[in-house]
2 protein chains.
Amino acid sequence: MQIKYSTSKENYLKAIFHLQQENKNVTTNALAEALQTKPASVTDMLKKLKEQKLLLYEKYYGVKLTAEGKKVALQIIRKHRLWEYFLVEKLAFGWEEVHEIAEELEHIGSKKLIDRLDDFLGNPRVDPHGDPIPDSNGKIEPFKQVALSDYKINKPTIVRSIGNQSVEMLELLKHKKILIGSKLEIKNKFDFDLSLEIKIANQSPITISDQLAKNIFVQND
Amino acid sequence: MQIKYSTSKENYLKAIFHLQQENKNVTTNALAEALQTKPASVTDMLKKLKEQKLLLYEKYYGVKLTAEGKKVALQIIRKHRLWEYFLVEKLAFGWEEVHEIAEELEHIGSKKLIDRLDDFLGNPRVDPHGDPIPDSNGKIEPFKQVALSDYKINKPTIVRSIGNQSVEMLELLKHKKILIGSKLEIKNKFDFDLSLEIKIANQSPITISDQLAKNIFVQND
DNA sequence: AATAAAATTTAGACAAATCTAAAAAATTAA
DNA sequence: TTAATTTTTTAGATTTGTCTAAATTTTATT
Ligand SMILES: [Mn+2]
Ligand SMILES: [Mn+2]
Ligand SMILES: [Mn+2]
Ligand SMILES: [Mn+2]
């Protein structure tokens with residue numbers, strides 16, 4: 001409990017956690033890509049993390065977080081998302097600006113700090129991109145969402161989160177006034193390019209590409 | 001402008017700045033003591049900082065910050081004190097708890113973050129310990145203060161800052177209800193042990209040791 | 001001024017995290 | 001099921017920041 005790991009190790013655990021969530025066997029190359037480093041460096045670090053029992057690792061086979069490794073990852077993610085919320089809600093940053101700063105803030109150690117921050121912010125459940133914020137014990141409430149590209153037509157729903165969270169994507173959505181919480185409805189699906197005509201509450205209809213629609217997740221209950 | 005220095009280098013610059021302020025020639029041993037490291041490590045780092053033109057250093061002689069070195073130090077101090085203010089005023093931490101956390105937060109890079117934080121906090125001029133907060137350009141307003149032990153008798157004044165800021169000291173002051181901004185007056189000076197009898201507004205008179213009085217700084221206009 | 005003591009620097013080593021180039025293993029394709 | 005390709009690991013370096021022990025320089029004392 002509450003051992004301090006290096007920033008680098010925390011980043012590895014977080015990246016492994018995210019890759020595990022999305023799918024599949026977490027490969028050395030995928031980690032190198034995610035962490036902007038070289039495969040050889042990943043192998044080195046995996047050995048160290050295995051040594052510390054933060055993950056299971058057999059060479060040439062994949063890697064899997066232990067309960068402890070998962071716990072650490074979730075604490076980092078909690079911190080990341082709470083700081084993002086703080087930056088947007090209290091310091092008026094745009095949602096496309098906060099990820100980079102949160103990448104630094106998430107490594108600040110104090111547990112008391114983050115719990116106080118959580119209270120100060122009113123215990124938000126999701127971050128500015130709609131991603132769930134783990135509670136103090138690392139628990140996340142799962143929710144039912146679906147990509148807008150897979151959603152039914154003429155059935156109002158609400159934007160819940162964003163897939164690709166690149167700065168470019170977030171700026172585009174800001175421009176199109178598609179925000180977390182926006183109420184919208186698909187009016188038309190065009191088979192030629194799979195583009196969608198959507199209507200956001202109180203706005204005129206707009207067209208969005210399939211690529212965009214695949215990265216907008218909406219409520220599906 | 002805005003090159004990123006390592007946490008370690010930032011800490012060296014800050015420590016050198018503080019020692020320079022207090023007095024004298026900044027020695028290798030003094031730095032080792034301040035940074036909780038060994039003199040040999042200090043020498044190593046001084047060479048690197050000289051290389052980067054952050055300070056002037058001739059071996060066996062002292063060390064002195066360049067304008068650039070001073071600028072970096074002041075930015076770190078600005079961040080440290082703004083974060084301390086945030087922790088006390090927004091997250092309800094005690095003034096004895098915040099230094100340690102601010103030691104980490106002060107190394108977060110974003111300039112925009114700190115300027116936004118400054119505005120969010122209402123551009124405070126002093127931190128929770130009464131120390132002045134440099135502005136965005138690194139300027140500090142100097143002010144006229146004197147140790148309570150050197151202050152005149154029967155002349156009301158106001159507590160402005162604290163010298164020794166150890167956790168023990170801050171806890172003692174909290175216990176005695178001596179805070180930044182407290183209005184008080186020396187009622188008696190006892191020659192035997194140089195202890196003082198003081199009266200804080202709306203409280204009964206209390207006695208404080210000379211050691212304590214030397215570390216309480218009051219307005220002197 | 002010579003000697004002793006203290007402060008500072010150098011030499012050599014180490015841990016953490018990274019890299020490049022080469023070797024080994026696994027996967028895919030012929 | 002070989003051969004080619006891709007993935008992963010190993011070997012050996014490098015950088016940053018630190019350390020201990022020994023050498024050097026400065027400062028203080030006789
Ligand atoms: Mn983020
Ligand atoms: Mn986010
Ligand atoms: Mn402090
Ligand atoms: Mn302070």
Side-chain angles (χ1 to χ4, degrees), chain A residues 3-16 19-20 22-65 69 72-73 76 103-104 106-109, chain B residues 3-16 19-20 22-65 69 72-73 76 103-104 106-109:
Chain A
I3 306 141
K4 172 67 178 159
Y5 301 101
S6 70
T7 292
S8 189
K9 282 179 179 166
E10 290 185 345
N11 283 335
Y12 270 86
L13 294 173
K14 186 168 57 114
I16 294 165
L19 286 175
Q20 262 184 198
E22 290 170 32
N23 53 327
K24 47 217 171 187
N25 44 340
V26 182
T27 68
T28 300
N29 273 355
L31 275 171
E33 165 67 23
L35 291 161
Q36 294 278 74
T37 186
K38 295 291 183 293
S41 308
V42 172
T43 302
D44 287 345
M45 184 59 95
L46 291 181
K47 287 188 209 159
K48 293 174 198 161
L49 293 173
K50 181 190 182 180
E51 199 66 31
Q52 279 174 98
K53 299 197 198 306
L54 293 165
L55 47 77
L56 307 171
Y57 164 63
E58 292 303 330
K59 60 177 179 175
Y60 292 107
Y61 286 72
V63 72
K64 193 161 170 286
L65 294 178
V72 175
I76 308 302
E103 285 292 305
E104 280 191 70
E106 72 188 5
H107 302 290
I108 300 294
Chain B
I3 305 141
K4 172 66 178 161
Y5 300 102
S6 71
T7 292
S8 189
K9 282 179 180 166
E10 289 185 347
N11 282 336
Y12 271 84
L13 294 172
K14 185 167 59 112
I16 294 165
L19 286 176
Q20 264 184 195
E22 288 170 34
N23 54 329
K24 49 216 173 186
N25 44 341
V26 182
T27 67
T28 300
N29 273 355
L31 275 171
E33 166 66 24
L35 291 161
Q36 295 278 74
T37 184
K38 295 291 183 293
S41 308
V42 173
T43 301
D44 287 345
M45 185 59 94
L46 291 182
K47 286 188 210 159
K48 291 174 200 161
L49 294 172
K50 182 190 181 181
E51 198 66 33
Q52 279 173 96
K53 299 196 198 307
L54 293 165
L55 49 77
L56 306 172
Y57 165 63
E58 292 303 329
K59 58 179 179 174
Y60 292 109
Y61 286 73
V63 72
K64 193 163 169 288
L65 293 179
V72 175
I76 308 303
E103 285 293 304
E104 280 190 72
E106 72 188 6
H107 302 291
I108 300 294

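In what follows, chains carry the letters A, B, and so on, assigned in the order in which the sequence lines appear, proteins first and then strands, with residues in each chain numbered from 1.
The number of heavy atoms from other shown groups lying within 6.0 Å of NZ (Lys9(A)) is above 12. Around atom CD of Glu22(A), more than 12 heavy atoms belonging to other residues, nucleotides or ligands sit under 6.0 Å away.
Test Lys53(B), Lys47(B), Met45(B) against Leu49(B) for side chain to side chain contact (heavy atoms under 4.5 Å, CB included) and you get one pass: Met45(B). Tested against Val42(A) for a side chain to side chain contact (heavy atoms under 4.5 Å, CB included), the candidates Val63(A), Leu31(A), Thr27(A), Asn29(A) yield a single pass: Leu31(A).
dT18(C) atom P lies 11 Å from atom CG of Leu49(A), rounded to whole Å. Nucleotide dA15(C) holds its P atom 13 Å from the NZ atom of Lys9(A), rounded to whole Å. Atom OH in Tyr12(A) sits about 12 Å away from atom C1' in dA16(C), given to the nearest Å. Here the P atom of nucleotide dA16(C) and the CG atom of Asn11(A) are 17 Å apart, to the nearest Å. Look at CG on Asn25(A): it is 12 Å from P on dT7(D), rounded to the nearest Å. Computed from coordinates, the Glu10(A) CD to dA16(C) P distance equals 16 Å when rounded to whole Å. The interatomic distance linking Glu58(B) (CD) with dT9(C) (P) rounds to 11 Å, in whole Å. Summarising the geometry, the separation between OH on Tyr61(B) and P on dT25(D) is reported as 12 Å, rounded to the nearest angstrom.
Contact annotation: Ser8(B) does not reach the phosphate of dT16(D) (side-chain N/O to OP1 or OP2, under 4.0 Å). The phosphate of dT10(C) (OP1 or OP2) has a side-chain N or O of Lys59(B) nearer than 4.0 angstrom.
Annotation for Tyr57(A) and Lys50(A): closest pair O-NZ, 3.1 Å, computed over non-hydrogen atoms. Of all non-hydrogen atoms in Leu35(A) and Asn11(A), the two that sit nearest each other are CD2-O, 3.6 Å. Taking all atoms of both residues into account, the shortest heavy-atom contact from Gln20(A) to Leu65(A) is OE1-N, 2.9 Å. Across Ala34(B) and Ala15(B), no two heavy atoms sit closer than the pair CB-CB, 4.5 Å.
Proximity of residues 34-47 of chain A to DNA chain D (heavy atom under 4.0 angstrom from any strand atom) is restricted to Pro39(A), Ala40(A), Thr43(A), Lys47(A).
A donor-acceptor contact shorter than 3.5 Å links the side chain of Glu104(B) to the backbone of Gly109(A).
Between Ile3(B) and Val72(B), every side-chain heavy-atom pair lies at or beyond the 4.5 Å cut-off. In this structure the side chain of Leu54(B) reaches within 4.5 angstrom of the side chain of Tyr5(B), judged on heavy atoms.
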Quick tally for nucleotides 1-6 of chain C: nucleotides whose base has a protein heavy atom under 4.0 Å get B, sugar-phosphate-only ones S, the rest -, giving ------

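Each of Tyr60(A) and Thr28(B) was assigned the nucleotide of DNA chain C with the nearest heavy atom; the assignment lying further toward the 5' end belongs to Thr28(B).
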Note, DNA chain C 5' to 3' with Watson-Crick or G-U pairs under 3.5 Å encoded as ( ), [ ], | and . gives ||||||||||||||||||||||||||||||

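Residue Lys48(A) places its side chain closer to dA17(C) than to any other of dT18(D), dT9(D), dA17(C).
Atom NE2 of His107(B) and atom NZ of Lys4(B) lie 8.0 Å apart (nearest 0.5 Å).
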